A.B. asks: 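Please read through the structure below; I'll follow up with questions.
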Amino acid sequence: SSVAQVPVAEGKSVQQTVELLTRKLELLGAEKQGTFCVDCETYHTAASTISSQGQTGKLMYVMHNSEYPLSCFALFENGPCLLADTNFDVLMVKLKGFFQNAKANKIESRGTRYQYCDFLVKVGTVTMGPNVRGISVEVEYCPCVIANDCWNLLMEFMQSFMGSHTPGIPSVFSTKHDSIYCPADTMVQYMELFNKIRKQQQVPVAGIR
């Protein structure tokens, strides 16, 4: 899978840009296959833990993906990704002495899934609270699990509807080489995308009312 941000088209709103993308997909012959949602909550190391142990504060991201409804992903920036079942959220409440939820930082991408031959495409609107922050596009080539074997094919397909906004090779691919790509690699890409969007704009995107 490749997860990328698509900029808002000049003179258009986020919703109009999403419609432009989905129209191109439908013209190619892609068919709607329901909806999807990826969400991410940020937890920071509790102040008491930092002061008592002299550690630097760390951020942990707890994420869910509707594609994997029974799983929960916990990721550290530049660190490991823990794959757990959905009860992990309950555990985080019990760990509030160590990790505290930065509630205002919850971010999610929600939109429509499209199937085109062996490709699965998800075009989502990224929101933080009531504010729309951007557009995400995830493209998955379903038959292949070795990232390097299908990147050229994936890129060629993305160019057909993303044009000049086709992304470069994701950073997670460079560490995988010829090993098997897994769902955690997709979640790392969403984490990087969400962090990029958080840093880009502290105000809502123009064109949203």
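Side chains included, hydrogens not; waters and symmetry mates left out as well; all remaining heavy atoms used. Every value quoted in this text rests on a predicted model; they were computed, and no experiment measured them.
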A.B. asks: What distance do Met92 atom CE and Gln100 atom CD have between them, rounded to the nearest 0.5 Å?
C.D. replies: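 If we round to the nearest 0.5 Å, Met92:CE and Gln100:CD are 10.5 Å apart.
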A.B. asks: How long is the span from the NZ atom in Lys199 to the CD1 atom in Ile197, to the nearest 0.5 Å?
C.D. replies: 12.0 Å
A.B. asks: State, with a plain yes or no, whether a side-chain heavy atom of Ser2 is found less than 4.5 Å away from one of Pro167.
C.D. replies: yes
A.B. asks: Any idea which heavy atoms bring Trp151 and Met158 closest together, and the distance?
C.D. replies: CH2-CE, 3.7 Å
A.B. asks: Is there side-chain contact between Glu192 and Ser171, with heavy atoms separated by less than 4.5 Å?
C.D. replies: yes
A.B. asks: What is the minimum heavy-atom distance between Val38 and Phe194, and which atoms define it?
C.D. replies: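 Nearest pair, atom of Val38 first, then Phe194: O-CZ, 3.9 Å.
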A.B. asks: Can you find a heavy atom in the side chain of Leu75 that is under 4.5 Å from one in the side chain of Met60?
C.D. replies: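 Leu75 vs Met60: side chains apart.
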A.B. asks: Determine whether a donor-acceptor pair (N or O, by modelled atom type, separation under 3.5 Å) exists between the side chain of Ser1 and the backbone of Thr186.
C.D. replies: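 Not a single qualifying donor-acceptor pair exists.
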A.B. asks: Report yes if the side chains of Thr127 and Ile107 come closer than 4.5 Å at any heavy-atom pair, otherwise no.
C.D. replies: no
A.B. asks: Please examine the side chains of Tyr43 and Leu59, heavy atoms only from C-beta on, and report whether any two atoms are closer than 4.5 Å.
C.D. replies: no
A.B. asks: Applying the side-chain contact (heavy atoms from CB on, under 4.5 Å) test to Val123, which of Thr17, Thr112, Leu25 qualifies?
C.D. replies: Leu25
A.B. asks: Would you check if Phe36 and Arg110 make a side-chain contact, meaning some heavy-atom pair closer than 4.5 Å?
C.D. replies: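 Counting from C-beta outward, Phe36 and Arg110 never come under 4.5 Å.
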A.B. asks: Once the angle between the rings of Phe119 and Tyr116 is folded into 0 to 90°, is it parallel (under 30°), tilted (30 to 60°) or perpendicular (over 60°)?
C.D. replies: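 Phe119 vs Tyr116 ring planes: parallel.
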A.B. asks: Can any side-chain N or O of Ser66 pair as donor or acceptor with the backbone N or O of Cys37 at less than 3.5 Å?
C.D. replies: yes
A.B. asks: Verify whether one side chain among His64 and Asp89 offers a donor that lies under 3.5 Å from an acceptor in the other.
C.D. replies: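 Asp89 and His64 do have a side-chain donor-acceptor pair below 3.5 Å.
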A.B. asks: State the OG-CG distance between Ser71 and Asp85, to the nearest 0.5 angstrom.
C.D. replies: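 Reported value, rounded in 0.5 Å steps: 8.0 Å.
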A.B. asks: Taking side chain to side chain contact (heavy atoms under 4.5 Å, CB included) as the test, write out the residues that go with Pro143, two or more places apart.
C.D. replies: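 With neighbours one apart ignored, the set is Asp118, Tyr141.
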A.B. asks: Using the side chain to side chain contact (heavy atoms under 4.5 Å, CB included) criterion, which residues pair with Glu67? Sequence neighbours excluded.
C.D. replies: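 Here the qualifying residues are Asn65, Arg113, Leu120, Lys122.
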A.B. asks: Linking I/L/V/M/F/W/Y whenever their side-chain heavy atoms sit closer than 4.5 Å, directly or via other members, would Leu20 and Ile135 fall into one cluster?
C.D. replies: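 They do not share one cluster, since no chain of ILVMFWY contacts under 4.5 Å joins Leu20 to Ile135.
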A.B. asks: Could you state whether Ile169 and Leu154 fall into the same hydrophobic cluster, counting links through intermediate Ile, Leu, Val, Met, Phe, Trp or Tyr residues with side-chain heavy atoms under 4.5 angstrom apart?
C.D. replies: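 Linked, Ile169 and Leu154 end up in one cluster.
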A.B. asks: Under 6.0 Å between ring centres: does that hold for Phe88 and Phe73?
C.D. replies: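 No; Phe73 has its ring centre 6.0 Å or more from that of Phe88.
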A.B. asks: Would you name the heavy atoms of Thr86 and Pro69 that are closest together and state the gap between them?
C.D. replies: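 Closest approach of Thr86 to Pro69: CG2-O, 3.3 Å.
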A.B. asks: Testing Glu31, Glu26, Gln33 for side-chain hydrogen bond (donor to acceptor under 3.5 Å, both in side chains) with Tyr114, which one passes?
C.D. replies: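 Among the candidates, only Glu26 passes.
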A.B. asks: Membership question, hydrophobic clusters at under 4.5 Å side-chain separation (ILVMFWY): are Leu153 and Val3 in the same one?
C.D. replies: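 The answer is yes; both residues are in one hydrophobic cluster.
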A.B. asks: With the side chain counted from C-beta on, respond yes when His165 and Pro7 share a heavy-atom pair under 4.5 Å apart, and no when they do not.
C.D. replies: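 Yes. Closest side-chain heavy atoms under 4.5 Å.
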A.B. asks: Would a distance-only check, ignoring hydrogens and angles, find a side-chain to backbone donor-acceptor pair under 3.5 Å from Arg198 to Asn105?
C.D. replies: yes
A.B. asks: Is Val139 close to Phe161 at the side-chain level, that is, under 4.5 Å between some pair of heavy atoms?
C.D. replies: yes
A.B. asks: Verify, without hydrogens or angle tests, whether Thr166 (side chain) and Met162 (backbone) share a donor-acceptor contact under 3.5 angstrom.
C.D. replies: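 No, because the side chain of Thr166 does not come within donor-acceptor range (under 3.5 Å) of the backbone of Met162.
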